[in-house]
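Report on the structure given below.
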Amino acid sequence: MTISLCMIVKDEEKVLARCLDSVRNCVEEIIIVDTGSSDTTKEIARRYTARVYDFKWRDDFSAARNFSFSLAEMDYILWLDADDVLTPENAAALRRLKSSPPEADVIMMKYQTAFDEDGNCVFSYYRERLIRRTAPAVWRGRVHEAVEFAGRVFYSDIAVTHRSVKTVYSDRNLRIYERQIADGEALSPRDTFYYGRELYYHQRYQQAATVLENFLRSGQGWRENCIEACKILSYCRAASENLDGALDALTWTFRYGAPRAEICCEIGNLFMQQEDYQTAAFWFELARTRPRGDVSGAFISDDCYGFLPCIQLCVCYDRMGDRQKAEAYNTLAGKYRPHAPSYLYNVQYFAQAELNA
């Protein structure tokens with residue numbers, strides 16, 4: 001297998017070299033498409049490849065990505081963002097995969113986007129990362145773009161790690177969606193979901209709730225987006241102090257299958273807000289028993305399958321006056337994340353309680 005790395009970039013001088021250093025020994029070709037950098041991004045890119053191209057930005061990520069893909073010449077195309085990296089272990093795994101490639105047109109890799117205090121991944125999901133150059137595949141969506149593809153799919157154990165250095169996020173994505181609407185271009189079901197999420201991020205809760213409700217009622221969304229939409233709708237309603245409505249939004253996820261640990265924890269948190277610790281404990285206990293899916297495309301929050309329900313059960317049982325059980329759950333939480341600040345705080349809390357007894 002030979003690989004073309006295709007990237008689109010703009011003002012990424014802080015992270016581009018880090019990304020390319022992590023992957024340069026895994027690919028035969030590097031293609032960088034710049035969409036209007038005003039810093040040294042292009043100069044950095046030219047240290048790694050002569051194939052650096054300009055693309056006039058027109059508020060459409062898919063257009064830029066499709067252009068980058070059109071320039072590829074190798075067997076497969078790998079895409080990354082500038083603030084992504086391959087760890088040495090995952091780079092080695094990619095080289096092994098190249099030497100014995102699967103019979104697949106699309107190879108999925110985990111995308112790891114959040115980490116605990118020890119650097120362990122706590123949030124991940126699969127994305128299509130390697131696409132056969134001759135396979136039918138096209139990027140869709142002006143923002144939060146995704147590849148529409150056909151052919152055989154293989155789920156690998158390779159992970160791409162997201163290491164953003166940004167501390168401030170602009171309203172660019174929201175503006176692109178609003179321009180798309182103003183231009184009279186219909187939003188796809190996927191666009192509608194992400195538009196609602198962007199509205200939530202910008203604290204436009206009522207508008208976000210309306211968009212997400214319409215998305216869910218349409219019945220046209222991908223299952224994983226529907227489940228996530230229910231969670232965000234719950235956040236919107238909770239922000240308006242509508243806790244009953246927030247609970248209704250979470251139970252809407254049961255239409256898409258048995259409750260996942262992520263949803264059980266969200267429901268438990270709602271009952272904790274209402275100081276109904278017994279009911280909250282039920283949902284956190286249930287979260288601990290739920291099976292963890294890996295290849296469904298789901299957004300996986302690892303903490304919800306261990307650490308989070310245990311640390312919340314510690315609080316629930318402490319508030320219900322069962323300190324022995326509370327401390328036992330805190331000890332269990334520490335087995336998942338021994339350096340978590342909440343776990344360490346509770347250790348001191350119980351030690352002080354013992355002294356005061």
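The figures here come from the full heavy-atom set of this structure, side chains too, leaving out hydrogens, waters and symmetry mates.
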| message | Please check this pair: side chain of D84 against backbone of D81, looking for a donor-acceptor N/O pair closer than 3.5 Å. | response | yes
| request: Please lay out, stage by stage, how D21 and Y48 fare under the test side chain to side chain donor-acceptor pair (under 3.5 Å). | output: CA-CA 9 Å; D21 283 337; Y48 297 84; 2.8 Å; yes
| field | L97 side chain reached by M109 side chain, heavy atoms, under 4.5 Å | value | no
| field | Least distance between heavy atoms, F67 atom then D54 atom | value | CE2-O, 4.3 Å
| task | Say whether Q112 and Y125, considering side chains only, have a donor N or O and an acceptor N or O under 3.5 Å apart. | result | no
| message | Under a 3.5 Å distance rule, please check whether R204 uses its side chain to pair with a backbone N or O of L199 as donor and acceptor. | response | no
| Is a side-chain donor or acceptor of D59 paired with a backbone partner of I176 at a separation under 3.5 angstrom? | no
| Minimum side-chain heavy-atom gap C230-L216 below 4.5 Å | yes
| message | Over 60° means perpendicular and under 30° means parallel, so tell me whether W57 and F61 are parallel, tilted or perpendicular. | response | perpendicular
| N90 side-chain N/O to L86 backbone N/O, donor-acceptor pair under 3.5 Å | no
| Side-chain donor-acceptor pair under 3.5 Å between Y235 and E266, yes or no? | yes
| If two hydrophobic side chains count as joined below 4.5 Å and joins carry through other members, does Y200 share a cluster with L247? | yes
| task | Determine, step by step, whether L344 and E117 satisfy the side chain to side chain contact (heavy atoms under 4.5 Å, CB included) criterion, reporting the C-alpha distance in whole Å, the side-chain angles of both residues, the deciding distance to 0.1 Å, and the verdict. | result | CA-CA 12 Å; L344 295 174; E117 56 284 338; over 6 Å; no
| request: Decide yes or no for H144 and E198: does some side-chain heavy atom of the first lie under 4.5 Å from some side-chain heavy atom of the second? | output: yes
| query | Roughly how far, to the nearest 0.5 Å, is CD1 of I31 from CG of L78? | reply | 11.0 Å
| Heavy-atom closest pair, residues Y336 and L332 | CD1-O, 3.3 Å
| Is there a donor-acceptor pair closer than 3.5 Å between any side-chain N or O of S22 and the backbone N or O of T87? | no
| task | Output yes when D34 and K10 qualify as a salt bridge under the 4.0 Å nitrogen-oxygen rule, no when they do not. | result | no
| request: Supply the atom-to-atom distance K166 NZ to D83 CG, rounded to the nearest 0.5 angstrom. | output: 6.0 Å
| S62 backbone acceptor or donor facing N66 side chain under 3.5 Å | yes
| said: Membership question, hydrophobic clusters at under 4.5 Å side-chain separation (ILVMFWY): are I77 and L20 in the same one? | reply: no
| request: Give a yes-or-no answer on whether the side chains of Y194 and N173 include a donor-acceptor pair shorter than 3.5 Å. | output: no
| query | OH of Y126 to CD1 of I300: how many Å apart, nearest 0.5 Å? | reply | 9.5 Å
| said: How long is the straight-line distance from CZ of R292 back to CD of E262, given to the nearest 0.5 Å? | reply: 8.5 Å
| message | A side-chain contact here means heavy atoms from C-beta on lying under 4.5 Å apart; do L94 and I3 qualify? | response | yes
| task | State, with a plain yes or no, whether a side-chain heavy atom of M272 is found less than 4.5 Å away from one of F284. | result | yes
| message | Could you report the tightest heavy-atom contact between P102 and F154, atom names first, then the distance? | response | CG-CD2, 3.7 Å
| task | Identify whether M320 and Y329 are in the same connected component of the hydrophobic contact network (ILVMFWY, side-chain heavy atoms under 4.5 Å). | result | yes
| query | Nearest heavy-atom pair of Y169 and S164: which atoms, and what distance? | reply | OH-OG, 3.1 Å
| Linking I/L/V/M/F/W/Y whenever any side-chain heavy atoms sit under 4.5 Å apart, do L187 and Y201 land together? | yes
| query | Going through the distances and angles, do M7 and L16 end up as a side chain to side chain contact (heavy atoms under 4.5 Å, CB included)? | reply | CA-CA 10 Å; M7 298 178 63; L16 182 58; 3.9 Å; yes
| Electrostatic pair E354-R323, nearest N-O below 4.0 angstrom | no
| task | Look at the side-chain heavy atoms of Ile, Leu, Val, Met, Phe, Trp and Tyr, link any pair under 4.5 Å apart, and say whether F149 and L5 land in one connected group. | result | no
| Crowded around F254 CZ? As in, over 12 foreign heavy atoms under 6.0 Å? | yes
| Stepwise, does the side chain to side chain contact (heavy atoms under 4.5 Å, CB included) test hold for R237 with D248? | CA-CA 10 Å; R237 291 175 175 175; D248 287 344; 4.1 Å; yes
| request: Output yes when a side-chain donor or acceptor of T331 lies under 3.5 Å from a complementary backbone atom of E327, and no otherwise. | output: yes
| Can T41 and D39 be counted as having a side-chain donor-acceptor contact under 3.5 angstrom? | yes
| query | Is the NZ or CZ atom of R337 both under 6.0 Å from the centre of the six-membered ring of F307 and within 45° of that ring's axis? | reply | yes
| field | R288 side chain to P309 backbone, donor-acceptor under 3.5 Å | value | no
| remark: Between A326 and C314 the two heavy atoms that sit nearest each other are CB-O, 3.2 Å
| Interatomic distance, L243 atom CG to N269 atom CG [nearest 0.5 angstrom] | 11.5 Å
| query | Is NZ or CZ of R129 both nearer than 6.0 Å to the six-membered ring centre of Y111 and within 45° of the ring axis? | reply | yes
| request: State whether the side chain of T113 and the backbone N or O of S124 hold a donor-acceptor pair below 3.5 Å, judged by distance alone. | output: no
| field | For A249 against S234, the heavy-atom pair lying closest together | value | CB-N, 3.7 Å
| Crowded around E185 CD? As in, over 12 foreign heavy atoms under 6.0 Å? | yes
| task | Verify side chain to side chain contact (heavy atoms under 4.5 Å, CB included) between F193 and L212, making sure each step is shown before the conclusion. | result | CA-CA 6 Å; F193 162 67; L212 293 169; 4.3 Å; yes
| query | On the ring face of F115, is R163 found with NZ or CZ under 6.0 Å from the centre and within 45° of the axis? | reply | yes
| field | Spacing of I263 atom CD1 and C265 atom SG [to the nearest 0.5 Å] | value | 9.5 Å
| query | Strictly by modelled atom types, are Y53 and R51 linked by a side-chain donor-acceptor pair under 3.5 Å? | reply | yes
| task | Could you tell me whether the side chain of C6 reaches within less than 4.5 Å of the side chain of V33, counting heavy atoms only? | result | no
| Backbone of I30 reached by a side-chain donor or acceptor of T49 within 3.5 Å | yes
| task | Mind running side chain to side chain donor-acceptor pair (under 3.5 Å) on D318 and Y349 for me, showing each step along the way? | result | CA-CA 11 Å; D318 182 70; Y349 168 79; 3.0 Å; yes
| task | Taking the side chain as every heavy atom from C-beta outward, state whether C264 and R290 have any pair of such atoms under 4.5 Å apart. | result | yes
| K98 atom NZ, over 12 foreign heavy atoms within 6.0 Å | yes
| query | Within a radius of less than 6.0 Å around CD of Q206, do more than 12 heavy atoms belonging to other residues, nucleotides or ligands occur? | reply | no
| query | Is it true that the side chains of T40 and E13 contain a donor and an acceptor less than 3.5 Å apart? | reply | yes
| query | Can you find a pair of side-chain heavy atoms, one from R127 and one from V160, that are under 4.5 Å apart? | reply | no
| query | Distance only, no hydrogens: is a donor on one side chain within 3.5 Å (strictly under) of an acceptor on the other, for Y277 and R319? | reply | yes
| Does the distance from a Lys or Arg side-chain N to an Asp or Glu carboxylate O, for R65 and E128, drop under 4.0 Å? | no
| message | Any carboxylate oxygen within less than 4.0 angstrom of a Lys/Arg side-chain nitrogen, looking at R190 and E148? | response | no
